[in-house]
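Scroll down for the structure; my scribbles are underneath it.
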Amino acid sequence: MVFDQNTLLYGGLSFVAATAVLFYSVLLIWSPPPIPERESEKKYRSKSSPSKPVPLPSIRDAASVDLTVVIPAFNETSRMPSMLESTINHLSQPHIKKSRKYEILIVDDGSSDGTSELALKLAVTKYGESDIRVVKLEKNLGKGGAVRHGMMHGRGKRLLMVDADGASRFEDLESLWKSMDTLSPDDTKPAITIGSRAHLVKTEAVVKRSLLRNILMYGLHTVLRVVGVGHIRDTQCGFKLFNRPAAVRLFPAQHLTTWIFDVELLLLAKQMGIPVAEVPIEWHEVPGSKLNVMLDSLQMLRDLLIMRGNQMLGRWKPTAWRT
Ligand SMILES: *[C@@H]1O[C@H](CO)[C@@H](O)[C@H](O)[C@H]1NC(C)=O
């Protein structure tokens with residue numbers, strides 16, 4: 001059989017078109033739906049109103065405290081209490097308390113082990129002096145969704161996200177704080193300071209990781225370079241401080257609710273021209289991680305591709321910020 005030029009040309013074009021349609025369909029199918037916010041999730045409970053939920057403020061309102069600590073918590077009844085204790089111990093030291101009014105916003109990410117009930121109980125009894133608010137998401141969104149929810153409803157001039165497992169040392173907030181003072185002294189310009197564990201590489205903490213984990217980490221770093229956040233040495237650290245002008249621009253534009261949401265935030269920051277400083281912090285692995293290394297790595301890869309694809313096609317825009 002002989003192919004003439006026209007047959008080849010049309011064949012080639014159809015192939016390209018079919019591939020484009022296929023990629024586009026996969027992108028549409030895999031793209032996460034807009035992040036939902038249900039009526040009950042726009043309200044919080046606290047010591048002053050433990051049984052009747054009260055409406056939450058918005059990140060677009062003016063700040064009314066100095067610091068919001070956002071703690072995403074999914075089935076964290078066993079790890080959260082000690083983490084909460086070190087958080088409050090640090091923040092209630094007289095010299096810190098004097099100059100920094102804080103709130104703690106615990107976002108229960110649809111737990112079924114009584115996380116929000118325990119958080120509320122601690123807020124009412126043991127930590128009655130502290131300003132703790134508890135929000136419960138009706139369905140599990142993923143860590144990125146829980147952090148975003150807290151950030152969208154925080155009152156702080158500065159907002160910290162911190163993992164409920166206590167893997168970071170809360171005192172290291174002071175390093176992030178100082179770095180923020182340098183980047184944006186009066187918090188009028190958007191800025192972000194993030195904890196980094198890059199200096200711990202090659203120390204015992206990392207060597208003790210399994211070979212598989214190290215290979216996957218290496219793969220992730222390569223992918224991150226391709227995606228455009230290769231300038232950040234540790235994108236995944238769960239200890240990040242945003243000032244309010246940064247938070248109000250970033251979080252409304254966030255689409256990913258899964259583990260890799262940090263990368264989306266850092267990429268958005270780069271696209272919006274928001275400076276990011278990396279600050280070395282202490283870290284220790286806490287048992288009970290809900291990360292399934294193999295499965296979650298594949299999901300991360302998929303989400304990164306979706307994010308990039310949507311951005312390139314203009315479906316997700318870094319300027320999605322509305323007043
Ligand atoms: C959360 O905790 C509940 C109660 O202990 C358990 O039934 C459920 O399987 C847990 N979910 C996950 C994803 O760990």
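Scope of the values below: all heavy atoms of this structure, side chains included, with no hydrogens, waters or symmetry mates. Every number for a ligand or one of its atoms is a count from 1 in the order of the listing.
Under the 4.5 Å side-chain heavy-atom criterion for Ile, Leu, Val, Met, Phe, Trp and Tyr, Met307 and Phe23 are members of distinct hydrophobic clusters.
Tested against Lys157, the residues Asp186, Asp66, Asp187, Asp181 include a single salt bridge (charged side-chain N to carboxylate O under 4.0 Å, His left out) partner, Asp66.
With a 4.5 Å cut-off on side-chain heavy atoms, Ile306 and Trp316 count as touching. Side-chain atoms of Ile132 and Ile106, non-hydrogen and from C-beta on, do get closer than 4.5 Å to each other.
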Identify all pairs of nitrogen or oxygen atoms, one from ligand 1 and one from the protein, separated by less than 3.5 Å, and list them with distances.
residue: ligand 1; atom: 2 (O); partner: Asn75; partner atom: OD1; Å: 3.3
residue: ligand 1; atom: 2 (O); partner: Asn75; partner atom: ND2; Å: 2.4
residue: ligand 1; atom: 11 (N); partner: Asn75; partner atom: ND2; Å: 2.9
residue: ligand 1; atom: 14 (O); partner: Asn75; partner atom: ND2; Å: 3.3

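Remark: Arg308 CZ is packed, more than 12 non-hydrogen atoms of other residues, nucleotides or ligands lying under 6.0 Å away.
Side-chain N/O atoms of Glu138 and Ser40 include a donor and acceptor closer than 3.5 Å.
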